[in-house]
Amino acid sequence: MQLGGVRARSRFRGTRAPVSVGSRSRRRRDGQPRNEEIDDVKSTERIGQRVSNLFGATLREAPAEVEIESHGLLLRAGYIRQLASGIFSYLPLAWRSLRKIEQVLREEMDRIGGQELSLPVVHPAELWQASGRWYDIDATMARFVDRRDRDMLLAMTHEEAVAFHVATEVQSYRQLPALVWQVQTKFRDELRSRGGLIRVREFLMKDSYSLDRDAAGLKVQYQAHYEAYERIGTRTGLPLTAVQSDAGMMGGKIAHEFMYVTPIGEDNLALCDACGYSANREVAEFRQKPAPGEPAELERVHTPGAATIADLAEQLGATADQTAKMVFYVGSFGGEGGERTERVVAAIVRGDLEANVIQVQNLSGALELRSASEEEIAATGMVPGFASPVGIDPDAAIFVVDKWVAKTPNLILGANEVDYHLRNVCSGRDYEPTVVGKVAAAYEGAPCARCGEPLRMVRGVEIGNIFQLGTRYTESMEARYTDEGGKGKPIWMGSYGIGLGRLLACIAEEHRDDDGLKLPVSVAPYHVGLIGLGKDDETHAIVEDVFQTLIEAGIEVLFDDRREQSPGVKLKDADLRGLPLRVVIGERSLKSGGAELRRRSDGEDRIIALENLVVEINGELDAMRVALEV
RNA sequence: CGGGGCGUAGCGCAGUCCGGUAGCGCACCUGCUUUGGGAGCAGGGGGUCGCCGGUUCGAAUCCGGCCGCCCCGACCA
């Protein structure tokens, strides 16, 4: 075979100092170049791909529906494609990146003693009926019936499956603590997907499950995960902020979310720069001093057309924080066997604050909460826009009253009569709350619960979360162990998740510029984008040889070997794909003394003699890796 | 599910109001020229105009129904 490599190499040797490390001709019988990665038994040591053969084209323009920069870039660079709403395919570039992310996760799970396993995506309904979630979770769970008429589901997460196996595999305290984990597909039929990989219905998740004898053991593994997640953020080049969070459908008490702070995020976060307090707005606490005062006599006042709290306060010469407002929901409550009942849930908060839906849901005990319609409100006897619990049947709704409202006398509330309000409403005297709690949501500038300094509200994307579940799932699956005294006890469980696609999307969001992606070395699908320029065969023969040399040296190379494309196209494509290093070899660079080596992150070109390329590239890669070390 | 928008070639779009042989740019294929920041010329391939039904001599275009996708909201480990 006289093609490509062999000729290239001899040509090359004749002109310049040797760089080759025993490169060989890599051609199929038909003379076409083939994928170097599969050319050799030691495939993992030789990773090279030709752009001419890369599955996944670049696009000059992003699809019209794209709203988020990183989403557009991942599409344009040929990393991902959409198959249906919220359902994406990972093309080879994204898949390589995800495998690199997975490797970081694997190393961090190994470090804290994890054992990797793989659990099914399809589960029998009984598993989830035992935990109760078959009934508690609504349409978000994808269900189907198999040919034997058995109820099945697509797993949204794997607590049940883990607890199921733990019940038979773990018998003794001698087997604890333990940690099992996997990377597995989850399916959640969310009402609405959004923003490319930011919120999807099918996704890859690293989920780990800690198993312990008691709460103290659980805390240890929880803390280990907390630290592992911080390292994962550092190693993948994504700044993460840990915030306290709601346990949601997972159950359990203590939970944190690891957030990437960005305006495109869908979660609201409260951060205190003074003391470091950080929490999801759903659970963020803040100081709210009840205004003291002697209860005064209830008074009905005319407030024509007072549509907003601001209007109302102005009409009555009051301030907004002397008012209260009602927010109406309809809660879905579970009963035995899974039937649901609906009740109106009426939240009462200070007039100028917002109700926190999650807290209302938790305080009311509802499984789900939705906004109430005007008709549903009217059915309770209250008048939308002028509502209050005063004079209303206490059983007409569940009255979830904010602590501040319950403690502050003489508030202004509706009179349940159009254009009329009541002054001097006092909780406990004029109406009876069903439940009192922290209903008001944190806001920009609210005094931090811990130190009193103003909170800052930002938005974030949830990359990962950690939960101290306790014994909820192990008890429902009867996963118990025998302690030293021969007593049977429930196993304590924690669960810990990280969304891989979401992580990749956020890394792309964080590391990009107008020209494309700028992926960290730990995540990029290849280390180097090699580009050959120029029209003469000699130059291209040299570039071919450099390609072989680099991959022989263990460097992962994406080689733009297209000769029919203009320089501009190849350079633009390379910028778009965002590999950490770019090597350009053309007649011009050869005249200057070799190859041009450039970091995608800063765009500085350096001329490197060909014989020094491997060393220089490895030096750059090492420096990049050091920067991502923990 | 409520509100809004969009479905015409792989991507970006025009044509739809006012019915009359389906177009443009990029991408793709062939040939020649071209190789340092999205090349030029010439030729070519590719579209049941989202689907179903209706009106009409004739429908991308008008009417009805449905489906899909995006955005906002609700919702969500």
Side-chain angles (χ1 to χ4, degrees), chain A residues 56-68 71-72 75-76 78 81-87 133 136-141 155-159 186 188-196 198-201 203 205-207 245-252 255-258 266-267 280 282 329-330 332 357-358 361 367-373 462-467 469 494-499 502 515-516 531-537 539-540 543 560 562-576 582 584-592 596 598 603 605:
Chain A
T58 54
L59 305 175
R60 196 170 286 201
E61 289 169 293
E65 68 271 12
V66 168
E67 301 264 324
I68 293 173
H71 180 203
L75 284 168
R76 287 184 52 213
R81 292 290 184 257
Q82 183 167 350
L83 197 62
S85 182
I87 299 178
R133 286 157 124 194
D136 293 348
I137 298 170
D138 217 9
T140 309
M141 184 188 293
M156 309 169 66
T157 170
H158 284 82
E159 281 77 15
K186 315 292 188 221
R188 296 180 192 174
D189 197 358
E190 305 280 2
L191 292 174
R192 186 157 87 80
S193 44
R194 190 188 152 264
I198 297 294
R199 194 205 315 182
V200 292
R201 296 191 293 166
F203 56 98
M205 175 181 250
K206 185 289 297 177
D207 45 331
S245 69
D246 182 59
M249 76 168 179
M250 303 299 305
H256 285 85
E257 292 165 335
F258 285 77
E266 3 184 46
D267 283 284
N280 194 305
E282 293 171 346
Y329 305 92
V330 173
S332 184
V357 184
I358 292 292
Q361 181 174 340
L367 295 172
E368 284 174 26
L369 222 51
R370 61 172 171 86
S371 293
S373 66
E462 181 186 346
I463 296 299
N465 50 35
I466 55 179
F467 292 98
L469 296 173
S495 88
Y496 316 87
I498 286 183
R502 202 178 255 194
D515 292 321
I531 299 174
L533 298 182
K535 61 176 174 177
D536 69 285
D537 291 347
T539 307
H540 282 277
V543 181
D560 200 337
R562 297 173 297 178
R563 292 188 62 173
E564 69 284 2
Q565 293 292 352
S566 70
V569 168
K570 290 187 271 194
L571 295 170
K572 286 284 188 189
D573 276 356
D575 286 347
L576 190 55
R582 184 179 92 184
V584 174
I585 297 174
E587 286 140 44
R588 202 168 89 183
S589 78
L590 290 172
K591 254 179 228 153
S592 311
E596 289 157 15
R598 170 187 288 206
D605 267 334

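Letters A, B, ... are given to chains in the order of the sequence lines, protein chains preceding strands, and every chain is numbered from 1. Note: hydrogens, waters and symmetry copies are ignored here, and every other heavy atom, side chains too, is used. Since the model is a prediction, treat every value here as computed from it, not as a measurement.
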Participant: Reading RNA chain B from 5' onward, which residue's closest nucleotide shows up sooner: Arg588(A) or Ser371(A)?
Facilitator: Arg588(A)
Participant: Per the salt bridge (charged side-chain N to carboxylate O under 4.0 Å, His left out) rule, which among Arg562(A), Arg60(A), Arg76(A) passes with Asp573(A)?
Facilitator: Arg562(A)
Participant: Quickly work out the Arg201(A) CZ to G68(B) C1' distance and round it to whole Å.
Facilitator: 11 Å
Participant: Compare side-chain N and O positions of Arg60(A) against OP1 and OP2 of C11(B) and report whether any pair is under 4.0 Å apart.
Facilitator: no
Participant: Expressed in whole Å, how much space separates the C1' atoms belonging to G64(B) and C69(B)?
Facilitator: 22 Å
Participant: Heavy atoms only, 4.0 Å cut-off, all strands: where does Val357(A) land among base, sugar-phosphate and nothing?
Facilitator: sugar-phosphate
Participant: When the distance from CG of Asp575(A) to P of G36(B) is rounded to whole Å, what number comes out?
Facilitator: 17 Å
Participant: Once you apply the 3.5 Å cut-off to both distances, tell me the Watson-Crick or G-U wobble partner of G36(B), or none.
Facilitator: none
Participant: Pick base, sugar-phosphate or nothing for Ser193(A), based on heavy-atom distances below 4.0 Å to the nucleic acid.
Facilitator: sugar-phosphate
Participant: Which one is paired to G68(B), where only Watson-Crick or G-U wobble pairs with both distances under 3.5 angstrom count?
Facilitator: C6(B)
Participant: Using a cutoff of under 3.5 Å, can you pull out all pairs of nitrogen or oxygen atoms linking the protein to nucleotides 29-31 of chain B, with atom names and distances?
Facilitator:
none

Participant: To the nearest angstrom, how far is Asp138(A) atom CG from C76(B) atom C1'?
Facilitator: 12 Å
Participant: Both distances under 3.5 Å, Watson-Crick or G-U wobble: report the partner of G31(B), or none.
Facilitator: C41(B)
Participant: Please determine, for C24(B), whether a Watson-Crick or G-U wobble partner exists with both distances under 3.5 Å, and give it or none.
Facilitator: G12(B)
Participant: Rounding to the closest angstrom, what is the interatomic distance between G20(B) and C49(B) at atom P?
Facilitator: 15 Å
Participant: Over all strands shown, is Glu65(A) touching base, sugar-phosphate only, or nothing at heavy-atom distances under 4.0 angstrom?
Facilitator: sugar-phosphate
Participant: Could you tell me the separation between the CD atom of Glu190(A) and the C1' atom of C71(B), rounded to a whole number of Å?
Facilitator: 17 Å
Participant: Rounded off to whole Å, could you give me the CZ-to-C1' distance for the Arg192(A) and G3(B) pair?
Facilitator: 11 Å
Participant: Within less than 4.0 Å of OP1 or OP2 of C75(B), is there a side-chain N or O belonging to Thr140(A)?
Facilitator: no
Participant: Taking C13(B) as the reference, what is the distance to C32(B) when you measure between their C1' atoms (whole Å, please)?
Facilitator: 31 Å
Participant: Where each residue is assigned the nucleotide of RNA chain B containing its nearest heavy atom, which of Lys186(A) and Lys572(A) is assigned the position nearer the 5′ end?
Facilitator: Lys572(A)
Participant: What's the gap between C76(B) and U8(B) when it is taken at their C1' atoms, as a whole Å value?
Facilitator: 36 Å
Participant: Of the options G25(B), A27(B), C28(B), whose atoms approach the side-chain atoms of Gln565(A) most closely?
Facilitator: C28(B)
Participant: Please give, in whole Å, the distance from C75(B) C1' to Leu369(A) CG?
Facilitator: 11 Å
Participant: Please give, in whole Å, the distance from C69(B) P to Glu67(A) CD?
Facilitator: 16 Å
Participant: How far, in whole Å, is G10(B) from U55(B) if one measures between their C1' atoms?
Facilitator: 35 Å
Participant: Establish, with yes or no, whether the OP1 or OP2 oxygen of C70(B) is under 4.0 angstrom from a side-chain nitrogen or oxygen of Gln82(A).
Facilitator: yes
Participant: Check whether any side-chain nitrogen or oxygen of Arg194(A) sits under 4.0 Å from OP1 or OP2 of C72(B), and answer yes or no.
Facilitator: yes
Participant: A39(B) P sits how many Å from Lys535(A) NZ, rounded?
Facilitator: 16 Å
Participant: Using the C1' atoms only, state how far C41(B) lies from A22(B), rounded to an integer number of Å.
Facilitator: 26 Å
Participant: Taking any heavy-atom pair under 4.0 Å as a contact, classify Ser589(A): base, sugar-phosphate, or nothing.
Facilitator: base
